[in-house]
S.K.: 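Structure incoming, see below.
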Amino acid sequence: MIGDGGEDGSIRAAYDDSGGDLPAVVLIHGVGLSREMWSAQIDALRDRYRVVTPDMLGHGASPRPGREATLDDYADHVDAVITRAGIDRAAMVGFSMGALVARAFALRHPSRLTGLAFLNGVFARTPEVRASILKRVDEVATNGPSANIDAAIGRWFSPDFRASHPDYLRRLRRGFANNDPVGYETAYRLFATQDSFGSDRLGSINCPVLVATGELDVGSTPAMAHALAAHIPGAALRIVAGARHMMAVEMPAIVSALLLDFLKSLPVANGIGENA
């Protein structure tokens with residue numbers, strides 16, 4: 001199932017849509033976050049593209065998934081969002097768990113994609129790393145969504161960013177504390193266990209693909225990015241120098257430029273390229 005429906009049978013979902021008769025780009029956030037993480041990228045893209053930013057299931061104002069939800073359910077929720085928005089085809093950008101959702105979307109709804117960008121995505125963790133992340137999930141199940149947010153902030157941002165952006169980090173902590181506990185735990189457990197999702201089918205992705213991560217991202221490592229890109233014929237690979245996990249927030253201009261370059265490179269036939 002996708003999620004709770006409205007009284008008219010439609011899917012309930014929270015999303016922002018910049019609108020306009022422009023090629024569509026869908027931005028999918030990471031676990032524990034919301035569509036608000038994309039504010040800098042929306043500003044950078046909206047003059048050229050119609051930017052749609054949904055809250056994933058169980059995040060922000062979107063409905064809670066069932067405890068047995070799968071990545072396909074999250075992908076179907078995104079599919080329902082773009083259908084409600086009246087969009088036939090779009091480029092899709094997924095960050096962290098959002099990259100897993102975008103991967104599931106690409107395998108489940110390939111005809112709806114004009115291009116695909118995986119930012120700071122995970123792939124083929126070792127059993128030891130997966131076990132350590134499952135331990136964090138258990139902490140969240142016991143103590144709530146903000147159980148290990150301080151350690152996460154230490155991994156996600158540089159010391160300079162942490163020192164110079166206390167207000168942002170306060171808002172981030174508050175956002176994690178306000179997450180729906182069941183929705184957050186469900187998503188986090190999928191993030192912890194589904195890093196190899198669809199690995200045997202990635203060769204079937206036939207739209208242009210960008211795989212990018214930060215040089216200093218300890219959870220979504222350059223080695224993972226190299227391995228993921230190697231599974232997708234023709235995928236472009238970019239490692240952002242000096243970047244950690246939340247590079248879309250900490251280095252917004254660099255990430256926005258990376259996305260603009262990718263989107264402009266898409267074939268005109270897809271309706272989203274430079275000369276579309």
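Keep in mind it's a predicted model, so treat the numbers as computed, not measured. Because only heavy atoms are used, hydrogens play no part in the values below, and waters and symmetry mates are left out as well, while side chains stay in.
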S.K.: Do V25 and V93 have side chains that approach each other closer than 4.5 Å (heavy atoms only, starting at C-beta)?
M.R.: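 Yes, close enough: below the 4.5 Å cut-off.
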S.K.: Can you check whether T221's main-chain N or O pairs, donor with acceptor, with T213's side chain at less than 3.5 Å?
M.R.: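 Answer holds: no.
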S.K.: Starting at NE2 of H245, measure out to CG of L216 and round the result to the nearest 0.5 Å.
M.R.: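 Spacing of NE2 (H245) from CG (L216) equals 13.5 Å.
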S.K.: Measuring only between side-chain heavy atoms, which start at C-beta, is F105 closer than 4.5 Å to I28?
M.R.: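 No, side chains not in contact.
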S.K.: V78 versus M92: any side-chain heavy-atom pair under 4.5 Å?
M.R.: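 The answer is yes, as the side chains (C-beta and beyond) meet within the 4.5 Å cut-off.
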S.K.: On a heavy-atom basis, which atom in P208 and which in L266 lie closest, and how many Å separate them?
M.R.: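 Nearest heavy atoms, P208 then L266: CB-CD2, 3.5 Å.
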S.K.: Check the hydrophobic clustering (I, L, V, M, F, W, Y; side-chain heavy atoms under 4.5 Å; chains of links allowed) and say if L100 and V129 are grouped together.
M.R.: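 Same cluster: L100 reaches V129 through Ile, Leu, Val, Met, Phe, Trp or Tyr contacts under 4.5 Å.
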S.K.: Is the closest side-chain donor-acceptor distance between S146 and R174 under 3.5 Å?
M.R.: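 No pair is found: no donor N or O on one side chain lies under 3.5 Å from an acceptor on the other.
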S.K.: For atom CD of Q194, is the number of surrounding heavy atoms from other residues, nucleotides or ligands below 6.0 Å larger than 12?
M.R.: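 Buried by this count: over 12 neighbours within 6.0 Å.
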S.K.: With side chains defined as the heavy atoms from C-beta onward, is the minimum distance between R50 and P23 less than 4.5 Å?
M.R.: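 Counting from C-beta outward, R50 and P23 never come under 4.5 Å.
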S.K.: Taking atom CG of L190 and atom CE of M97, what is their separation to the nearest 0.5 Å?
M.R.: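 Separation between the atoms: 5.0 Å.
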S.K.: With the 4.5 Å side-chain cut-off for hydrophobic clustering, are V182 and V101 part of the same group?
M.R.: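 No.
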S.K.: Just by distance, do the side chain of R173 and the backbone of D150 share a donor-acceptor pair under 3.5 Å?
M.R.: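 Side chain of R173 to backbone of D150: no pair is present.
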S.K.: Can you measure from CG (L45) to CG (L263) and round to the nearest 0.5 angstrom?
M.R.: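 Between L45 CG and L263 CG, I get 6.0 Å after rounding to 0.5 Å.
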S.K.: Taking T142 for its side chain and E139 for its backbone only, find out whether a donor-acceptor pair lies under 3.5 Å.
M.R.: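 No, the answer is negative, given that no donor and acceptor are paired below the 3.5 Å cut-off.
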S.K.: Between P54 and Y15, what is the shortest heavy-atom contact and its length?
M.R.: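 So the minimum-distance heavy-atom pair works out to CA-CB, 3.5 Å.
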S.K.: A side-chain contact here means heavy atoms from C-beta on lying under 4.5 Å apart; do I87 and V52 qualify?
M.R.: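 In contact.
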S.K.: Checking the side chain of S220 only, and the main-chain atoms of N120 only, is there a donor and an acceptor separated by less than 3.5 Å?
M.R.: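 It does hold such a pair.
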S.K.: Without swapping roles, check the side chain of E215 against the backbone of G242 for a donor-acceptor pair under 3.5 Å.
M.R.: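 It does hold such a pair.
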S.K.: Which heavy atom in R103 sits nearest to a heavy atom in F118, and how many Å separate them?
M.R.: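 For R103 and F118, the tightest heavy-atom pair comes out as N-CE2, 3.6 Å.
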S.K.: Within a strict 4.5 Å, meaning less than it, do heavy atoms of the S62 and M56 side chains meet?
M.R.: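 A side-chain contact under 4.5 Å is absent here.
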S.K.: In the structure I gave you, are the side-chain heavy atoms of V51 and L22 within less than 4.5 Å of one another anywhere?
M.R.: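 Not in contact.
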S.K.: Take the angle between the ring planes of Y168 and F161 and call it parallel below 30°, perpendicular above 60°, tilted in between.
M.R.: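 Rings of Y168 and F161: perpendicular, over 60°.
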S.K.: Find the distance between CG (L259) and CG (L27) and round it off to the nearest 0.5 Å.
M.R.: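 Result: 7.5 Å between the selected atoms.
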S.K.: Treating S96 as the side-chain partner and G98 as the backbone partner, does any N or O pair qualify as donor plus acceptor under 3.5 Å?
M.R.: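 Not confirmed, S96 side chain does not pair with G98 backbone.
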S.K.: One pair to check against side-chain contact (heavy atoms from CB on, under 4.5 Å): R162 and L169. What are the steps and the verdict?
M.R.: CA-CA 7 Å; R162 298 198 304 269; L169 296 181; 4.0 Å; yes
S.K.: Just grab all the ring-ring contact (aromatic ring centres under 6.0 Å, His included) pairs involving residues 16-44, residues at least two apart or on different chains.
M.R.: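 Listed by first then second residue: H29-H59.
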S.K.: Any chance you could lay out the salt bridge (charged side-chain N to carboxylate O under 4.0 Å, His left out) test for R189 and E185, step after step, and finish with the verdict?
M.R.: CA-CA 6 Å; R189 198 170 295 280; E185 181 190 344; 3.2 Å; yes
S.K.: Would you say the side chain of F123 lies within less than 4.5 Å of the side chain of H231, judging by non-hydrogen atoms?
M.R.: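 Yes, side chains in contact.
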S.K.: If you look at every heavy atom in A14 and R35, which pair is closest and at what distance?
M.R.: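 Scanning both residues completely, I find the closest heavy atoms to be CB-NH1, 3.6 Å.
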S.K.: I205, L237: one ILVMFWY side-chain cluster at the under-4.5 Å cut-off?
M.R.: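 Same hydrophobic cluster.
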S.K.: Checking R112 against T83 for the side-chain contact (heavy atoms from CB on, under 4.5 Å) test, could you report, in this order, the C-alpha distance in whole Å, the side-chain angles of both residues, the deciding distance, and whether it holds?
M.R.: CA-CA 10 Å; R112 307 206 71 176; T83 297; 2.7 Å; yes
S.K.: Going through the checks in order, is the side-chain contact (heavy atoms from CB on, under 4.5 Å) test met by L33 and F95?
M.R.: CA-CA 10 Å; L33 302 168; F95 165 75; 3.9 Å; yes
S.K.: Give, for atom CG of L210 and atom CG of L119, the distance between the pair rounded to the nearest 0.5 Å.
M.R.: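 So the gap between those two atoms works out to 6.5 Å.
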S.K.: Under the criterion side-chain contact (heavy atoms from CB on, under 4.5 Å), I'd like the reasoning laid out for Q41 against V255: C-alpha separation, chi angles, the key distance, then a yes or no.
M.R.: CA-CA 8 Å; Q41 284 70 46; V255 171; 4.1 Å; yes
S.K.: Tell me the closest heavy-atom pair linking G32 and F176, and the distance in Å.
M.R.: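 Closest pair (atom of G32, atom of F176, distance): O-CE1, 3.5 Å.
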S.K.: Does the plane of the ring in Y188 sit parallel, tilted or perpendicular to the ring in Y184? Use 30° and 60° as the thresholds.
M.R.: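 Aromatic pair Y188/Y184 classed tilted.
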S.K.: Short question: side chain of R48, backbone of K264 - any donor-acceptor pair under 3.5 Å?
M.R.: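 No, because the side chain of R48 does not come within donor-acceptor range (under 3.5 Å) of the backbone of K264.
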S.K.: Salt bridge or not between D217 and R244? Use side-chain N to carboxylate O under 4.0 Å.
M.R.: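 Judged by the 4.0 Å cut-off on N to carboxylate O distance, D217 and R244 do not form a salt bridge.
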S.K.: Mind listing the closest non-hydrogen atom pair of D55 and A61 along with its distance?
M.R.: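 Heavy atoms of D55 and A61 come nearest at OD2-N, 3.0 Å.
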S.K.: Run the numbers on H109 and D76 for side-chain hydrogen bond (donor to acceptor under 3.5 Å, both in side chains), then give the verdict.
M.R.: CA-CA 9 Å; H109 305 285; D76 286 350; 2.9 Å; yes
S.K.: Does R155 qualify as a cation-pi partner of F157, given the criterion of NZ or CZ under 6.0 Å from the six-membered ring centre and within 45 degrees of its axis?
M.R.: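 No, R155 and F157 do not form such a contact.
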S.K.: Side chain of D195, backbone of V122: donor and acceptor closer than 3.5 Å?
M.R.: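 It does not hold such a pair.
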S.K.: How long is the straight-line distance from CG of D160 back to NE2 of H165, given to the nearest 0.5 Å?
M.R.: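 Nearest 0.5 Å value for the NE2-CG distance: 10.5 Å.
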S.K.: Test your reading of the model: is there a side-chain donor-acceptor pair from R89 to the backbone of S111, 3.5 Å cut-off?
M.R.: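 Checking the backbone N and O of S111 against the side chain of R89, a donor-acceptor pair under 3.5 Å is found.
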S.K.: Is it the case that the side chain of D261 and the backbone of L258 share a donor-acceptor pair, with hydrogens and angles ignored and the cut-off at 3.5 Å?
M.R.: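 Not at all, since once roles are kept as given, no pair shorter than 3.5 Å links the two residues.
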